[in-house]
Amino acid sequence: MLQSSNILGHERPLVIRVSFATCVLATVCLPLLGLITCVFISSVFHFEDATGTHCQVPNYLPSISASISLSPECHIWRFCIGLHSAPRLLVAFTYFKFYKARFATRFLESSLSCLNLGFSISENLGLLLLTYVSSTETYFVHKEGFVLFIVSSLIYMLITCRLWKSIKKYSLSPEDAKSHHWKVRFLLLNVCFCAFAGFFYWKHNMYCESGSYTFFALFEYLVVFSNMAFHLTAVWDFKSREVMLISSSEDKDF
């Protein structure tokens, strides 16, 4: 929503209001649409390059790393993540302020909110690292970025569930209870998908079995989708809030 007016020759600042739910939805949809687009292009136009394995066994799904390393897929993915990173930090600091206000007199939860912010930022940094350093350029850096992303996201989700358990305990809002319920579900799904992805990745590298890398790629997708679903629960947490951008037209003397 835009607001601006001119009263007695003085123009008021332009105010842009966007619901926080819309901001969260757009933040999650950017990597989601980017990933789906990259996997689709890789599967249709670069199937052999995207599904090739080091031991030449049959593979029927491109991994995320393979999908975002080819061109033009890498440019699409980097564009989406570049746009996504700034709003992601906005959401992280919004949660931090919310927790600090909610747990101002509780040392444990207040300390956990600081850790929560730190792991949220490191998750975002890990995502940026694995995005802008592809596996075909510097595999070690790409791999470390992926590990940082996965570990940070798991710890972030675990701390978030702990904080929302306390919020639900003292809240009468059904939205808070629903948010905690789905956060726990998505965390458990994410842990299960991570375990299966790790198992099939190990199995592929140890035994080079046909189909193992395909299952790894499938569960890798599910890890990312469950992570996105977890972050999407912020729609319930800040349903009534707005993001405001104010443009001032006042002249300033220097």
Do [X] and [Y] have side chains that approach each other closer than 4.5 Å (heavy atoms only, starting at C-beta)?
X: His46; Y: Ser67; value: no
X: Leu218; Y: Phe196; value: no
X: Phe230; Y: Tyr156; value: yes
X: Leu108; Y: Arg162; value: yes
X: Phe186; Y: Leu232; value: no
X: Glu144; Y: Val141; value: no
X: Leu129; Y: Phe149; value: no
X: Ile121; Y: Phe93; value: yes

Discussion item. In terms of relative ring orientation, are Trp182 and Trp236 parallel, tilted or perpendicular, with 30° and 60° separating the classes?
Written reply: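 It falls in the tilted class, 30° to 60°.
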Worksheet item: Parallel, tilted or perpendicular: which describes the rings of Tyr95 and Trp164, with under 30° parallel and over 60° perpendicular?
Response: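 It falls in the perpendicular class, over 60°.
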Ring centroid separation [X] to [Y] under 6.0 Å:
X: Trp202; Y: Tyr207; result: yes
X: Phe216; Y: Tyr213; result: yes
X: Phe98; Y: Phe238; result: yes

Using a 3.5 Å distance criterion without hydrogens, assess whether the side chain of [X] forms a donor-acceptor pair with backbone atoms of [Y].
X: Ser113; Y: Ser110; result: yes
X: Thr214; Y: Tyr60; result: yes
X: Ser226; Y: Val223; result: yes
X: Ser43; Y: Phe40; result: no
X: Asn59; Y: Gly52; result: no
X: Ser179; Y: Glu175; result: no

Practice prompt. Check step by step if side-chain contact (heavy atoms from CB on, under 4.5 Å) holds for Phe200 and His204.
Written response: CA-CA 6 Å; Phe200 284 111; His204 168 74; over 6 Å; no
Worksheet item: If you measure from the Lys or Arg side-chain nitrogens to the Asp or Glu carboxylate oxygens, is any gap between Glu123 and Arg88 under 4.0 Å?
Response: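 Result for this pair is yes, salt bridge flagged.
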Tell me which one of [options] satisfies side chain to side chain contact (heavy atoms under 4.5 Å, CB included) with [X].
X: Ile68; options: Val39, Ile81, Leu130; answer: Leu130
X: Trp77; options: Pro31, Pro72, Ser69; answer: Pro31
X: Tyr99; options: Leu117, Thr160, Leu112; answer: Thr160

Worksheet item: Considering all heavy atoms of both residues, which atom of Cys208 and which atom of Val57 are nearest to each other, and what is their separation?
Response: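 Shortest heavy-atom contact: O-CG1, 3.1 Å.
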Worksheet item: Between Glu220 and Ile64, which heavy-atom pair has the shortest distance, and what is it?
Response: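 Smallest heavy-atom distance, with atoms named: OE1-N, 3.0 Å.
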Discussion item. One pair to check against side-chain contact (heavy atoms from CB on, under 4.5 Å): Ser134 and Arg78. What are the steps and the verdict?
Written reply: CA-CA 10 Å; Ser134 69; Arg78 289 172 181 177; 4.2 Å; yes
Item to complete: Assess whether side-chain contact (heavy atoms from CB on, under 4.5 Å) is satisfied between Leu61 and Tyr221, documenting all intermediate values.
Response: CA-CA 10 Å; Leu61 281 177; Tyr221 299 159; 4.2 Å; yes
Worksheet item: CD of Glu109 to CG of Asn116: how many Å apart, nearest 0.5 Å?
Response: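 One gets 12.0 Å once the value is rounded to the nearest 0.5 Å.
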Discussion item. Under the rule for ring-ring contact (aromatic ring centres under 6.0 Å, His included), what residues qualify as partners of His180, not counting sequence neighbours?
Written reply: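 His180 satisfies ring-ring contact (aromatic ring centres under 6.0 Å, His included) with no residue once adjacent residues are dropped.
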Worksheet entry | Hydrophobic cluster identity match, Phe193 and Leu154, side-chain contacts under 4.5 Å |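 They do share one cluster, since a chain of ILVMFWY contacts under 4.5 Å joins Phe193 to Leu154.
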Item to complete: Verify side-chain contact (heavy atoms from CB on, under 4.5 Å) between Thr131 and His84, making sure each step is shown before the conclusion.
Response: CA-CA 12 Å; Thr131 294; His84 153 273; over 6 Å; no
Worksheet item: Under 6.0 Å from the CZ atom of Phe215, do we count more than 12 heavy atoms belonging to anything else shown?
Response: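 12 or below, so no.
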